[in-house]
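So the structure is just underneath, and the comments pick up after that.
Nothing here was measured: the structure is a model prediction, and the numbers come from that model. Positions are given from 1 along the sequence.
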Amino acid sequence: MTPVLDPSSFSSVSKCATKHLNLIYHVEFDRRVLKGKVALTVEVLEDKLSSLTLDSKDLKIFKVSANGQAAQFALGTKHKFKGSPLEITLPFELSRGQHVIVEIEYETSPSATALQWLTPTQTAGKKHPYLFSQCQATHCRTMIPCQDSPSVKHTYYAQVSVPRELVALMSALHDGQEPDPSDSSRVIYRFRQPVPMPSYLIAIVVGALESREIGPRSRVWSEKEYVDEAAFEFSETETMLKTAESLAGPYVWGQYDVLVLPPSFPYGGMENPCLTFVTPTVLAGDRSLAGVIAHEISHSWTGNLVTNRTWEGIFWLNEGHTVYIERMIARCMESEQLRQFKGIGGWKELQESVKQFGANNVLTNLVPNLHEVDTDEAFSSVPYEKGFALLYHLEELLGGPEVFMGFVKSYIQLFAYGTVTTEEWKNYLFTYFKDKVDILNKVDWNAWMHTPGMAPVKPQYDTTMADACTALCQRWVKAKEEDFASFTEADVKKLNSPQLIEFMALLLQEEPLPLSHVKKMQEVYQLNSVKNAEVRFRWLRICVKAHWEEAVPLALKMATEQGRMKFTRPLFKEVYNFSKYSDEAVKTFKENRGALHPVTAMMVVKDLKING
C-alpha cells in the first residue's frame, strides 16, 4: 500500500494507526461541553517512533500520557478549518509493530462544530435539552483528539454520563447502563463497536428519547412526540435490509436502528453504524423516506465497511456506489422502471450542482483536488450522481444490472473492513472483467474522473414514469391564459409522489413561470397544503422565482422551521435573489441563526454574502 497522504488531516497516518479507542464522556448541558477522557490504542508503523500528531480543533487539552507515563504535548498553529495539530512527544522510543496506549484528558468547546446543543424550546417535547453530533467529514476532531482521517479504522468502546431523565445513544451496540456512582442524579450508558470504522462515523445523541421495535434487529428512536409516526413510516426497514443483504452480502453491524432527529439536523440522513440518523422532514414525505433509508442502509456496505481512504477525490467511491445499491434496492422492491426514473431525477440534481458551481469548477470533477478546500464547502450531489452515472454507464457496457451488481458485491467482499482508492477500485474492475478489457479501455476515464462539468455520457434512461411529468410541465410552460380551463386537479392526482417531485423539478429548470400561471396552479392543485417536504420545497421555489410575494413568508418559514441544508440553502437563496426581499432574507436568517446547525449557518452566510 502506498503511504497515505490526507490533505484534510494533520495526524501522522503514515507513522502510526489507531486500532481502538476507549471513550469516557461526561455530558454537561449547562456549559455545553463534553468533559472527556480518551485512550487510543495506537499501532506503530515505523521504527524509532518518538512522537505523533493527532487532529484536534477547539479542544482544551489538560493531560496526556503514554502507557501510563506523562507525555509532553503542544498544540500547533490553528488552521482556518483543519484545527490545530496536537503534537505529542512520547517518553520513550517505539519500534514498528509495537502498540502504545495514548490517554488524553480534555474538554470540548461550546462552539464545537461536531455538536449541536438544543435548548428545550428547540425540541418537540419542550422540556429537556438535546445534543447530537455530526462528524462527517472532518468534525470528529472537535469532540475527540484523534486521527481524523477515513484512512484509519478502529473499534471503540464508550461510557457516557448524562442526567438520568435523558437517554444516550451512540453509533455502536448498547452495552448496558448503571447509575453514575459519582452523582446520583446521573446515569452512565455503555457502548461497544466491535467492527473497525473511521472516526467520522463516531456519533452521540442525548435527549428525552423513546423507542419502538420495528424489526428483529431494528428499533426506531425519537422524542415521544414523533415515535409512533416514525415506527409506522419505517415499518419496511427489515425488508430493505434483507434486500440489501441479497445484493451486497451479510449485514455485519448486528443492530440497525434509526434515530429521527430534531428539525435542525443538516442532512437527509447520516449512516452512523448501528444507528442511522434521519431528518424529521422525511416523516410527512411518504415515498421520499424510502430513498433516504435505502441510501443509509446501503452505506452499511459502501462507506462503512469499504471506506474511501481520504476525502480528496474518492468520496465518490462511498457515495456513487451507495446510490447504485440504493437504486438496486428500489429495482428489487418496486420495479426497474422506478430505478430508471430515479436515475433521471439524479441527472437533474447533477445538472443543478454543475450550474451552481460553474461548469469549469474543479469541484464538479468526480475526482477533485481538495488541497486547502474545506470538505463542507465541496459537498454537493456531484460524487453521488456523477458517480452513479459512471457506474450505470459501466453496467450498460458490461452486461446489465445482474452482471455489474456481481462486480459491486465482489468489490465489497474484497475491500471489506478496509479502505480503497479510485486506482485500486479501477484495477479491480479491470481484473474482475478481464475478458472485457477492450470495452473498459474504450471508456474515456480522464473525461469521467478529471474533467469538470456534466458526465461525458448521458445515460439513456427508460422514460416511462417521467413522460407524464414532462408532458404536464410542457403544458404549463406553453399555456396561455385562455388554456387555463384545461387544467384540473386530476392532472396531479394521476402522479405518484416521486412523479410530483419530478414535475416540480422540471418546472424549476425552465424559465420562471408567469405569476398568473403559478396562482392558477395553486388554485387548481392546492399545492400550498402539500405536506411532503420534497414537493413543498420545490413548489415554494417556483412561487418565489415567479415573484409571488405571498410565497415569501412561506419560503422563509420552511427555511427556518427545519434546517436540512438541501432545503434551507436554496430557499434562502431564492428569496435573496428576489431583490425586493433580499434584506428580508438576511434579516430572517440572522434572527434564526442560533437555531441552525453551525455548518448550515456557515454555508448560508456564504450564500447570502453576509460578512461574518
Side-chain angles (χ1 to χ4, degrees), residues 1-24 34-109 112 114 135 137-157 196-200 202 307 309-312 370-372 375 419:
M1 238 170 62
T2 46
V4 179
L5 289 170
D6 186 339
S8 305
S9 170
F10 284 124
S11 66
S12 348
V13 289
S14 55
K15 288 165 59 166
C16 58
T18 306
K19 292 296 169 192
H20 180 72
L21 199 140
N22 197 352
L23 257 180
I24 298 173
L34 300 177
K35 277 191 70 131
K37 188 194 253 183
V38 65
L40 303 117
T41 304
V42 178
E43 183 183 348
V44 179
L45 302 177
E46 62 175 36
D47 281 327
K48 296 195 174 165
L49 182 83
S50 58
S51 67
L52 56 97
T53 305
L54 298 177
D55 286 302
S56 82
K57 188 177 179 185
D58 302 329
L59 297 176
K60 252 189 213 156
I61 309 290
F62 300 122
K63 202 164 129 193
V64 179
S65 68
N67 289 350
Q69 298 177 46
Q72 294 202 301
F73 66 91
L75 283 170
T77 313
K78 186 175 176 180
H79 178 276
K80 61 178 182 289
F81 54 81
K82 285 197 266 191
S84 315
L86 171 59
E87 286 146 5
I88 297 169
T89 308
L90 300 174
F92 40 70
E93 204 173 72
L94 292 166
S95 306
R96 185 183 167 137
Q98 286 188 291
H99 287 75
V100 58
I101 294 178
V102 177
E103 201 166 287
I104 302 162
E105 282 182 38
Y106 69 99
E107 182 175 286
T108 62
S109 154
C135 286
T138 56
H139 299 285
C140 188
R141 63 195 68 179
T142 68
M143 61 182 232
I144 306 171
C146 62
Q147 290 184 294
D148 197 8
S149 164
S151 62
V152 177
K153 295 177 93 167
H154 46 70
T155 52
Y156 81 89
Y157 191 87
M197 53 169 244
S199 58
Y200 75 85
I202 295 175
T307 308
R309 193 160 304 149
T310 68
W311 297 115
E312 181 175 46
L370 290 189
H371 189 65
E372 288 303 307
T375 48
T419 62

The reported gap from CG in Leu21 to OG in Ser199 (rounded to nearest 0.5 angstrom) is 9.0 Å

For Ser95, is there any backbone N or O sitting under 3.5 Å from a side-chain donor or acceptor partner on Gln98?
yes

Distance-only donor-acceptor hits, side chain of residues 74-85, under 3.5 Å, sequence neighbours excluded:
unit_1: Lys78; atom_1: NZ; unit_2: Asp58; atom_2: OD1; d: 2.7
unit_1: His79; atom_1: ND1; unit_2: Phe81; atom_2: N; d: 3.1
unit_1: His79; atom_1: ND1; unit_2: Lys82; atom_2: N; d: 3.0
unit_1: His79; atom_1: NE2; unit_2: Glu372; atom_2: OE1; d: 3.0
unit_1: His79; atom_1: NE2; unit_2: Glu372; atom_2: OE2; d: 3.4
unit_1: Lys82; atom_1: NZ; unit_2: Pro7; atom_2: O; d: 2.8

Evaluate Arg96 against Glu46 for salt bridge (charged side-chain N to carboxylate O under 4.0 Å, His left out), listing each step before the verdict.
CA-CA 5 Å; Arg96 185 183 167 137; Glu46 62 175 36; over 6 Å; no

All heavy atoms of Cys135 vs all of Cys140, minimum pair found to be SG-CA, 3.5 Å

Could you grab the distance from atom OG of Ser50 to atom CG of Leu94, nearest 0.5 Å is fine?
9.0 Å

Between Ser109 and Lys57, is any pair of side-chain heavy atoms under 4.5 Å apart?
no

How long is the gap from NZ on Lys37 to CG on Leu23, to the nearest 0.5 Å?
12.0 Å

List the steps, then state whether side chain to side chain contact (heavy atoms under 4.5 Å, CB included) holds for Leu49 with Lys15.
CA-CA 8 Å; Leu49 182 83; Lys15 288 165 59 166; 3.4 Å; yes

Do Leu54 and Ile88 have side chains that approach each other closer than 4.5 Å (heavy atoms only, starting at C-beta)?
yes

For a quick test of reading the model, state the closest non-hydrogen atom pair linking Pro145 to Leu86 and the distance between them.
CB-CD2, 3.9 Å

From the options Thr18, Asp6, Asp55, select the one residue that forms a side-chain hydrogen bond (donor to acceptor under 3.5 Å, both in side chains) with Gln147.
Thr18

Heavy atoms, side chains only, cut-off 4.5 Å: are Ile144 and Leu40 in contact?
no

Could you walk me through whether Lys63 and Tyr106 pass the side chain to side chain contact (heavy atoms under 4.5 Å, CB included) check?
CA-CA 7 Å; Lys63 202 164 129 193; Tyr106 69 99; over 6 Å; no

Hey, what do you get for CZ (Arg309) to NZ (Lys153), rounding to the nearest 0.5 Å?
10.0 Å

Over all heavy atoms of both residues, which pair between Phe73 and Ile61 is shortest? Give the atoms and the distance, please.
CE1-CG2, 3.6 Å

How many angstroms lie between OG in Ser51 and CD in Glu93, if you round to the nearest 0.5 Å?
10.0 Å

Verify, without hydrogens or angle tests, whether Thr142 (side chain) and His139 (backbone) share a donor-acceptor contact under 3.5 angstrom.
yes

Between Tyr157 (side chain) and Ile24 (backbone), is there a donor-acceptor pair under 3.5 Å?
no

Evaluate the side-chain proximity of Asn22 to Tyr156: yes if any heavy-atom separation is below 4.5 Å, no if none is.
no

For Met143 and Thr108, which heavy atoms make the closest approach, and how far apart are they?
CA-CG2, 3.7 Å

His154 vs Ile202, side chain to side chain contact (heavy atoms under 4.5 Å, CB included): CA-CA, chis, key distance, verdict
CA-CA 10 Å; His154 46 70; Ile202 295 175; 4.0 Å; yes

side-chain hydrogen bond (donor to acceptor under 3.5 Å, both in side chains) against His20, all qualifying residues, sequence neighbours excluded:
Thr155

Out of Val102, Val100, Val42, which residue meets the side chain to side chain contact (heavy atoms under 4.5 Å, CB included) rule with Cys16?
Val42

At what distance, to the nearest 0.5 angstrom, does CZ of Phe62 lie from NZ of Lys35?
5.5 Å

When every non-hydrogen atom of Asp148 is compared with those of Ser11, the smallest separation belongs to N-OG, 4.1 Å

Taking all non-hydrogen atoms of both residues into account, name the closest pair between Ala39 and Ile101 and its distance.
CB-CG2, 4.1 Å

